[in-house]
Enquirer: 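A single structure is presented below for examination.
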Amino acid sequence: MAIINFGGIDENVVTREEFPLEKAREVLKNETIAVIGYGVQGPGQSLNLRDNGFNVIVGQRPGATFEKAVSDGWVPGKTLFGIEEACERGTIIQNLLSDAAQIAQWPTMKKHLTAGKALYFSHGFAITYKERTNIIPPENVDVILIAPKGSGTSLRRFFLQGRGLNSSYAIFQDATGKAKERVIALGIGVGSGYLFETTFKKEVFSDLTGERGTLMGAIQGLLLAQYETLREHGHTPSEAFNETVEELTQSLMPLFAENGMDWMYANCSTTAQRGALDWMGPFHDATKPVFEKLYNEVANGNEAQRSIDSNSKPDYREKLDRELAAMHNSELWRTGAVVRKLRPENN
């Protein structure tokens, strides 16, 4: 474990240099990793583990995602099973089902959590809110977490590019005395860049805040507000979209990712720099109360309960699809579809 200084604060992190893949394979050489769920995180984590040489099986219910697993090379009866059989076979059970599905499948999963096994999550939701989810692990199993800081699609894409997606790790319960080496080995195995330590509670608090904030909710709200303002003042859809989304994602965010916001600012015009510096204060002051309210709603469990209540309704998927379709069919994102087709690489 290395001590790295982040902006003046020391943190313990684990890198692939100090915990190489060969060491991870040695730690897990006698383990069967059962990846339960093949939706958002399941494909990326299971395929990366398989390609890295670990003993991996997948557990999935019949349906479209089961067929997707087959198309990805998982073999029914050999490396692909129903959820219960995979849980029975696995010594490490990676619970990558959706939060709602984890609640529904917990009785099946729990009976196969025998002494010495490890229960793995990529989200702290189920354990942090265990009084609401009723997911309470037996005391004789390790309970660990690896949370890649991105989607399963990005995790797999980065892996195939020879890169890594940073992940957090946490230990909720160390029943075997091996939880730490197990979780670090799994973090390396799924394709993490570096690993930083957290807790289940901190992971879910930061994750829910981030998803509803700058990663998804806030960014959509900001983009829509700017696009609407430009359109209402007579700008064409193409101009409004290019100034709102295309320049952000295709020009500025790559500079931001490369060397930071300050470096991105330095590579823009002095007019842009002056305006950005003048207006970041009002945007900060307008949104900080919203973020404080959001964090408090996450911390007090209200946001979790809303998710549980909504996602457990029988018509949840239909309602979600309608809301996503409304976004997809909005002028903003219909314009985006046209702009993406006009990019040079698509012509």
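By convention here, the first residue in the shown sequence is residue 1.
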Enquirer: Please determine whether the number of non-hydrogen atoms from other residues, nucleotides or ligands lying under 6.0 Å from atom NZ of Lys68 exceeds 12.
Expert: yes
Enquirer: Measure the CD1-CD distance between Ile36 and Gln94 for me, rounded to the nearest 0.5 Å.
Expert: 9.0 Å
Enquirer: Looking at Phe19, I'd like to know if the NZ or CZ of Lys23 sits under 6.0 Å from its six-membered ring centre while staying within 45 degrees of the ring's axis.
Expert: yes
Enquirer: How many angstroms lie between atom OH of Tyr38 and atom CD of Gln60, to the nearest 0.5 angstrom?
Expert: 9.5 Å
Enquirer: The test is salt bridge (Lys or Arg N to Asp or Glu O under 4.0 Å); show your working for Glu323 and Lys319 and say whether it passes.
Expert: CA-CA 6 Å; Glu323 291 181 272; Lys319 288 184 176 179; over 6 Å; no
Enquirer: Can you measure from CD (Gln173) to CD (Glu139) and round to the nearest 0.5 angstrom?
Expert: 6.5 Å
Enquirer: Shortest non-hydrogen contact from Val204 to His123?
Expert: CG2-CE1, 3.4 Å
Enquirer: Any chance you could lay out the salt bridge (Lys or Arg N to Asp or Glu O under 4.0 Å) test for Lys288 and Glu292, step after step, and finish with the verdict?
Expert: CA-CA 6 Å; Lys288 182 68 185 302; Glu292 289 288 353; 3.6 Å; yes
Enquirer: Identify which one of Glu203, Gln41, Gln45 satisfies the side chain to side chain donor-acceptor pair (under 3.5 Å) criterion when paired with Ser122.
Expert: Gln45
Enquirer: Does a donor on one side chain sit under 3.5 Å from an acceptor on the other, for Ser168 and Thr198?
Expert: no
Enquirer: Does Gln161 have more than 12 heavy atoms from other residues, nucleotides or ligands lying within 6.0 Å of its CD?
Expert: yes
Enquirer: Work out which heavy atom in Val141 is nearest to a heavy atom in Leu113; give both atom names and the distance.
Expert: CG1-O, 3.7 Å
Enquirer: Hydrogens and angles aside, do Gln305 and Asp309 bring a side-chain donor and acceptor to less than 3.5 Å of each other?
Expert: yes
Enquirer: With a cut-off of under 6.0 Å to the ring centre and 45° to the axis, is Arg50 in cation-pi contact with Trp74?
Expert: yes
Enquirer: Which heavy atom of Thr91 sits nearest to which heavy atom of Arg182, and what is that distance?
Expert: O-NH2, 4.0 Å
Enquirer: A quick test of your reading: do over 12 heavy atoms of other residues, nucleotides or ligands sit less than 6.0 Å from CG of Leu277?
Expert: yes
Enquirer: Would you find a donor on one side and an acceptor on the other, under 3.5 Å apart, between the side chain of Thr335 and the backbone of Glu331?
Expert: yes
Enquirer: Quick check for you: to the nearest 0.5 Å, what is the distance between Glu18 atom CD and Ile184 atom CD1?
Expert: 8.5 Å
Enquirer: Are Asn48 and Arg156 linked by a side-chain donor-acceptor pair shorter than 3.5 Å?
Expert: yes
Enquirer: Of all heavy-atom pairs between Pro148 and Ser167, which one has the smallest distance, and what is that distance?
Expert: CA-OG, 3.3 Å
Enquirer: Quick one: closest heavy-atom pair of Asn300 and Asn302, and the distance?
Expert: OD1-N, 2.8 Å
Enquirer: Under the ring pair (Phe, Tyr, Trp, His ring centres under 6.0 Å) rule, what do Phe125 and Tyr129 come out as? Steps first, then yes or no, please.
Expert: CA-CA 6 Å; Phe125 190 99; Tyr129 303 113; 5.3 Å; yes
